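Since the structure is predicted, the reported quantities are computational estimates derived from the model, not experimental observations.
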Amino acid sequence: MKVSDFILDGEWVIPTELMEMINMDDLPVVSKGKDKRVWTGTIIGRFTVASAVEIMRQKFPSLNWTKKVWHKSVHPSISSNVWNLASNICATDDNMKKRNFKMVSRCIFCRKEEETRDHILWYFNYGEIIWRWLGGNFNFKNPRSFDDVFHLAKNKIPAIKEIWLLSAFITMKELWFMRNECIFGNEKCDLNVTEKKIKQVLLYNEIRLTANMWNKQYDLQVLKRFGLKTREVKCMSIKEVFFQLPEQGKLLLFCDGDSRGNLGNAGYGVVGRLSSGEFLVAISGGLGVSTNYYAESFAVLIAGEWALNHGFNKLVFRTDSKEAISVFQGNALPWFAITRWERICEAAISWEFIHSFREVNFSVDTMAKRGSVL
């Protein structure tokens, strides 16, 4: 095709054969104002040196355990040792062989298996006994990897999770230090001594433990076994949740976004109701891999555009995201939403935002979660 095929009476037109190939809804919304530069490296579209560096720098996969290792409840000396062990930066025989050192490659304890980090921490007999003693205080099974340490405390209350992670990190450090003492000193394996060291270091770091407990029998038993003091109990607070329909002639739009993992598979949900409470429409859609912020913003845009296309011009947006409300009310929109939101504001007679708890938005919350898997 030639350029002249797209011009008719001085205006651009799209041939019929291209209309069948292109979905008009997928095309970007064109603003009626002047063109302007948009820096896609930031959400608001403004250039910053930090965002340019972020785009240029070489990125590595993010680690999910870094914040837990360097948590304020863990002493920095323990964190640094656990960091080295988790990164496998330790002078075990298998690591030394990779650097062309000639090693005997036998564990100092069992004299059978090759000395590796995992063998020292999780698999040799003495270490298994120590983990069995520690896990018995929490009713946990023996961990077999660094990820198992986090997984065992996944669904526990904050106080127990904090105590378990700290005691597990101390145990890892003590096992590694004992290995070094056995090789370079005259240290011998003594269960009572090792258990006493773990308890003693845990007590020294008690001042760092600030997480709340739920005052259940299990919590008190764990604290008593380690000689720790009781801590603040988290109490449940009851909040009243109100819901009311909009004024006559206004359309109520429930909006919500969901991202599995934030950054992860994202989706949006919209539910529309008339001022009488009558159900009007339910929309659910997927956004691919995105953040929860993008999903919340898209939900509002989709809801507003649908309402205007169907003849509704008095809109009430109801969402559980205070951030989304502040963004749309303060005109601090992400660059991809500016033009679309301006067109909604021009066509609508009135619009307003209402914040509500998720317990009120339960229907649209379900729609958003359904959209994240589409």
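- We find the OG1-CD1 distance between T194 and I129 to be 10.5 Å, quoted to the nearest 0.5 Å.
- There is a path of hydrophobic side-chain contacts, each under 4.5 Å, that joins V281 to L315.
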- Message: Working note: K97 + E114, criterion salt bridge (Lys or Arg N to Asp or Glu O under 4.0 Å); need CA distance, chi angles, decisive distance, verdict.
- Response: CA-CA 11 Å; K97 287 169 65 177; E114 181 182 22; 3.5 Å; yes
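- Residue pairs meeting the side chain to side chain donor-acceptor pair (under 3.5 Å) criterion with at least one partner in residues 264-285, sequence neighbours excluded, do not occur; the list is empty.
- Listed by chain and number, the residues in a salt bridge (Lys or Arg N to Asp or Glu O under 4.0 Å) with K154 amount to none (sequence neighbours excluded).
- Grouping the Ile, Leu, Val, Met, Phe, Trp and Tyr side chains by contacts below 4.5 angstrom, directly or via other members, places L165 with L203.
- Heavy-atom minimum distance, A347 versus L308: CB-CD1, 3.7 Å.
- Taking a cutoff of 4.0 Å between a charged side-chain nitrogen and a carboxylate oxygen, E206 and K229 do not qualify as a salt bridge.
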* **Stepwise side-chain contact (heavy atoms from CB on, under 4.5 Å) check, V270 with M367** => CA-CA 7 Å; V270 176; M367 298 297 295; over 6 Å; no
Decide side-chain contact (heavy atoms from CB on, under 4.5 Å) for W131 and F140; before the verdict, give the C-alpha distance in whole Å, the side-chain angles of both, and the deciding distance to 0.1 Å.
CA-CA 9 Å; W131 284 112; F140 291 166; over 6 Å; no
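- Put simply, V193 and F226 are part of two different groups of oily side chains (I, L, V, M, F, W, Y) that touch within less than 4.5 Å, one to the next.
- Taking each heavy atom of G257 and N292 in turn, the nearest pair found is O-OD1, 3.3 Å.
- Sorted by first then second residue, the ring-ring contact (aromatic ring centres under 6.0 Å, His included) pairs that include residues 172-221, not counting sequence neighbours, number zero.
- Aromatic ring centres of W65 and W83 lie closer together than 6.0 Å.
- The environment of I89 atom CD1 is dense: over 12 non-hydrogen atoms of other residues, nucleotides or ligands sit within 6.0 angstrom.
- For R57, the CZ atom counts as densely surrounded, since its 6.0 Å shell holds more than 12 non-hydrogen atoms of other residues, nucleotides or ligands.
- Here D365 pairs with K369 in a salt bridge; the nearest charged N to carboxylate O distance falls below 4.0 Å.
- Linking ILVMFWY residues whenever their side-chain heavy atoms come closer than 4.5 Å, directly or via other members, places W133 and L223 in the same cluster.
- Atom NZ of K68 and atom CZ of F146 lie 9.5 Å apart (nearest 0.5 Å).
- Side-chain atoms of R318 do not come within 3.5 Å of backbone N or O of I354 as any donor-acceptor pair.
- The nearest pair of heavy atoms linking I170 to I198 is CG2-CA, 4.0 Å.
- Two residues are said to be in side-chain contact when any heavy atoms from C-beta on lie closer than 4.5 Å; F138 and I163 meet this criterion.
- No side-chain heavy atom of T66 sits under 4.5 Å from any side-chain heavy atom of V69.
- A salt bridge does not link K322 with E296: none of the charged nitrogens is closer than 4.0 Å to a carboxylate oxygen.
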message: Applying salt bridge (Lys or Arg N to Asp or Glu O under 4.0 Å) to R179 and E115, what does each step give before you reach the verdict?
response: CA-CA 10 Å; R179 174 262 184 192; E115 186 191 64; 2.8 Å; yes
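- The ring pair (Phe, Tyr, Trp, His ring centres under 6.0 Å) search around F328 returns W341, F353, not counting sequence neighbours.
- Pairs passing the salt bridge (Lys or Arg N to Asp or Glu O under 4.0 Å) check and including a residue from residues 127-150, sequence neighbours excluded, read E128-R144.
- Contact detail for C255 and A303: the closest heavy-atom pair is SG-CB, 3.6 Å.
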message = T92 vs N95, test: side-chain hydrogen bond (donor to acceptor under 3.5 Å, both in side chains). Steps then yes/no.
response = CA-CA 5 Å; T92 53; N95 285 336; 3.3 Å; yes
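- With respect to K314 and E247, no salt bridge is recorded, no charged nitrogen being found less than 4.0 Å from a carboxylate O.
- For an aromatic pair to be called close, the ring centres must be under 6.0 Å apart, and F298 with Y293 fails this.
- Using a distance-only test at 3.5 Å, with no hydrogens or angles considered, no donor-acceptor pair links the side chain of N139 to the main chain of G135.
- In terms of modelled atom types and a separation under 3.5 Å, the side chain of R340 and the main chain of L301 share no donor-acceptor contact.
- Distance alone, capped at 3.5 Å, is enough to place a donor-acceptor pair between the W164 side chain and the V149 backbone.
- To the nearest 0.5 Å, the span separating OG on S73 from NZ on K161 amounts to 11.5 Å.
- Among all heavy-atom pairs drawn from L228 and R231, the shortest one is CB-NH2, 4.3 Å.
- Summarising the geometry, atom CG belonging to D256 is positioned 11.0 Å from atom OG belonging to S363; distances are rounded to the nearest 0.5 Å.
- Within a 6.0 Å radius of CG in N125, other residues, nucleotides and ligands contribute 12 heavy atoms or fewer.
- Proximity of a side-chain donor or acceptor of R117 to a complementary backbone N or O of A86 within less than 3.5 Å is detected.
- At a threshold of 4.5 Å between side-chain heavy atoms, the hydrophobic network of Ile, Leu, Val, Met, Phe, Trp and Tyr places V38 and I55 in two separate groups.
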As a quick check of understanding, evaluate side-chain contact (heavy atoms from CB on, under 4.5 Å) for L274 and L252, giving each step before the final call. CA-CA 6 Å; L274 300 175; L252 182 60; over 6 Å; no
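- Using a 30° and 60° split on the angle between ring planes, H310 and W306 fall in the parallel class, below 30°.
- A side-chain donor-acceptor contact under 3.5 Å links E162 to the backbone of T210.
- For S259 (side chain) and L263 (main-chain N/O), no donor-acceptor pair under 3.5 Å exists by modelled atom type.
- A donor-acceptor distance shorter than 3.5 angstrom exists from the side chain of S80 to the backbone of S77, with no hydrogens or angles considered.
- The number of heavy-atom neighbours closer than 6.0 Å to CD of E232, taken from other residues, nucleotides and ligands shown, is 12 or below.
- The main-chain N or O of L202 is never found under 3.5 Å from a side-chain atom of N205 such that the two would form a donor-acceptor pair.
- Here the closest heavy-atom approach between residue V74 and residue R208 is recorded as O-NH1, 3.9 Å.
- For NE2 of H151, the number of neighbouring non-hydrogen atoms (other residues, nucleotides, ligands) closer than 6.0 Å is 12 at most.
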Practice problem: Give the intermediate values and the outcome of side-chain contact (heavy atoms from CB on, under 4.5 Å) for residues L220 and T230. | Solution: CA-CA 7 Å; L220 299 175; T230 56; 4.0 Å; yes
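- Remark: K197 NZ to E174 CD distance equals 5.5 Å, nearest 0.5 Å.
- Scored by the side-chain hydrogen bond (donor to acceptor under 3.5 Å, both in side chains) test, D190 finds no partners at all (sequence neighbours excluded).
- At distances below 3.5 Å, at least one donor-acceptor pair connects side-chain atoms of T366 with backbone N or O atoms of F362.
- Counting heavy-atom neighbours within 6.0 Å of R225 CZ, excluding the residue itself, gives a total above 12.
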| Passes side-chain hydrogen bond (donor to acceptor under 3.5 Å, both in side chains), S51 versus W39? Steps please. | CA-CA 9 Å; S51 63; W39 173 253; 2.8 Å; yes
